[in-house]
Amino acid sequence: MSFPLLTAAAALPAIGAIATAAVPAARRTAAKYLALLFSLGTLALAAVVFVRFEPGGDRYQLTESHAWIADFGVRYELGVDGIGVALLALTALLIPFVIVAGWHDADPLETTSSRWRPTQGFFALILMVEAMVILSFVATDVFLFYILFEAMLIPMYFLIGGFGDRAHAGSDENAAAQRSYAAVKFLLYNLVGGLIMLAAVIGLYVVAGSFSLSEIAEARANGTLEMATSTERWLFLGFFFAFAVKAPLWPLHTWLPNAMGEATAPVAVLITAIVDKVGTFAMLRFCLQLFPEASKWATPVIIVLALISIVYGALLAVGQRDIKRLIAYASISHFGFIILGIFAMTSQGQSGATLYMVNHGISTAALMLVAGFLITRRGSRLIADYGGVQKVAPVLAGTFLIGGLATLSLPGLAPFVSEFLVLVGTFSAYPAVGIIATSGIVLAALYVLVLYQRTMTGPVKASVQGMPDLKARELVVAVPLIALLVLLGVFPKPLTEVVDPAVRHTMSDVQKKDPQPEVEAAK
């Protein structure tokens, strides 16, 4: 029996979470290093999975299958495809940066009881989220995926509500109330989506008699799975609604600005760069694979919603006064591009959407974490409280600028490749939609450059005159992320090689082919 690599990649951070939580209250630094050690171990295992994955091989590789709840046909089934392996690598890569960036975010205040262990709890929760997200990217049993999809809400709720941003305008009571509101809103939105999905999961089992993706796909290929058109559409809507909340897609997006605004910068990265990718990933793996006809039926409406997300998110980002909420609305616009690429139903669009998930994760992590370093120094999230930072902290300003330029998909940086592919794929199928979607690029340039101009340039404000530049720990976070943005911007081949075969399988599931270009016959 081969070594269960996928189980190990998910089990290691879960074990790390338990070990970190068990560290005595007085050993906060030891708990941090322990959490970092387990996250680096997980990264090493993820690298092995990435290297072992064969792009030209079977659709699902490194598979594992064991009986779990036999009476209900539920199995512990794992397998990774090209899309899953790319997102698994992204998750394992970002968590060490999240831990290092949040090194002091959960240090207890002077008024905190020494018997409480907030530092240990903070890092344990991060590792637990990592374990659940990794397992969700490799789960090929629908019920197992659903359990993970819902369970990851619990540690995220405590990370948002219990370890909120300390740079909050107003009293401690007001800050606590805002954090509680954001955490509850996050939980309720995602729970409602999950409950609707649960009804669809049960319905799928009634129709298909199995939760296994491979068994359902085989039954569909053999013609033994009969699913009425109306049934397939209702089941698709149940799955898609939950994924659209998680993604998030307009108009189900309103929880994200609150959650990212009130969370610490590392937790905000955890939300939008890692956890939210489960929603868009699941659209590819479950919606298109399980319900191909319903996916094509719903495509026109979903494309309209994605287009609204692109423009609406960008417009609201332009008008924001809060740095973190601006990045949150920018992410809503970016998720619109991802969903547009998925449902354009072209190979370029879906390859671009998958690359966008990875590249958006890296670029948002770079921008948000550097913004977190800036906010920690000044103690304010308001753009108006800054000015002239580049004169007193040039390295901080420079890394902030590169993160922002990546967010607006500047050529030469990683997100450009993915956004270009999404637009090419969309233009080939829906030219008018592609033209409107490009307005998101123009608006992105506006909100990013205006943000930089207002915070980093101009006269040095008195409140930032003594601001220190990035320290060694912060450079350890910022520099590798920026290097990755440049590397994947000029050499995306390692990702495209892995992703493209999986996209071809998905296109085959929905029985779609790329539109052929119209060539005018020579006279």
Hey, are the side chains of [X] and [Y] touching, using non-hydrogen atoms and a 4.5 Å cut-off?
X: Phe50; Y: Leu88; result: no
X: His104; Y: Arg28; result: no
X: Leu249; Y: Ile308; result: no
X: Met357; Y: Leu90; result: no
X: Val278; Y: Phe145; result: yes
X: Leu408; Y: Ile441; result: no
X: Leu78; Y: Leu144; result: yes

Heavy-atom closest contact ([X] atom, [Y] atom, distance):
X: Val490; Y: Gly412; value: CG1-O, 4.1 Å
X: Ala182; Y: Asn258; value: CB-O, 3.4 Å
X: Pro248; Y: Asp276; value: CD-OD2, 3.9 Å
X: Gly41; Y: Leu12; value: C-CD2, 3.4 Å
X: Lys391; Y: Gly458; value: NZ-O, 3.4 Å
X: Val477; Y: Ala101; value: CG2-N, 3.8 Å

(message) Centre-to-centre under 6.0 Å for Tyr157 and Phe186, is that the case here?
(response) no

Can you measure from [atom1] ([X]) to [atom2] ([Y]) and round to the nearest 0.5 angstrom?
X: Ser463; Y: Arg378; atom1: OG; atom2: CZ; value: 4.0 Å
X: Ile310; Y: Leu305; atom1: CD1; atom2: CG; value: 11.0 Å
X: Met467; Y: Thr376; atom1: CE; atom2: OG1; value: 10.0 Å
X: Ile18; Y: Leu127; atom1: CD1; atom2: CG; value: 10.5 Å
X: Leu315; Y: Leu443; atom1: CG; atom2: CG; value: 5.0 Å
X: Thr20; Y: Leu37; atom1: OG1; atom2: CG; value: 9.0 Å

(message) So, using side-chain contact (heavy atoms from CB on, under 4.5 Å) as the criterion, who are the partners of Ala406 when residues are at least two apart?
(response) Ser363, Leu413, Pro415, Leu485

(message) Tell me whether Thr354 contacts the main-chain N or O of Gln350 through its side chain, where contact means a donor paired with an acceptor under 3.5 Å.
(response) yes

(request) Could you check whether the rings of Phe137 and Phe281 sit parallel, tilted or perpendicular, using 30° and 60° as the cut-offs? (result) perpendicular

(message) Give me each pair satisfying side chain to side chain donor-acceptor pair (under 3.5 Å) with a member in residues 403-422, each pair once, sequence neighbours excluded.
(response) Tyr356-Glu419, Asn359-Ser418, Ser409-Glu419

(message) Can you pull out every ring pair (Phe, Tyr, Trp, His ring centres under 6.0 Å) where at least one residue sits in residues 360-407? Sequence neighbours excluded, please.
(response) His334-His360, Phe335-His360

(request) List the steps, then state whether salt bridge (Lys or Arg N to Asp or Glu O under 4.0 Å) holds for Glu262 with Arg381. (result) CA-CA 10 Å; Glu262 297 305 323; Arg381 307 196 313 247; 3.6 Å; yes

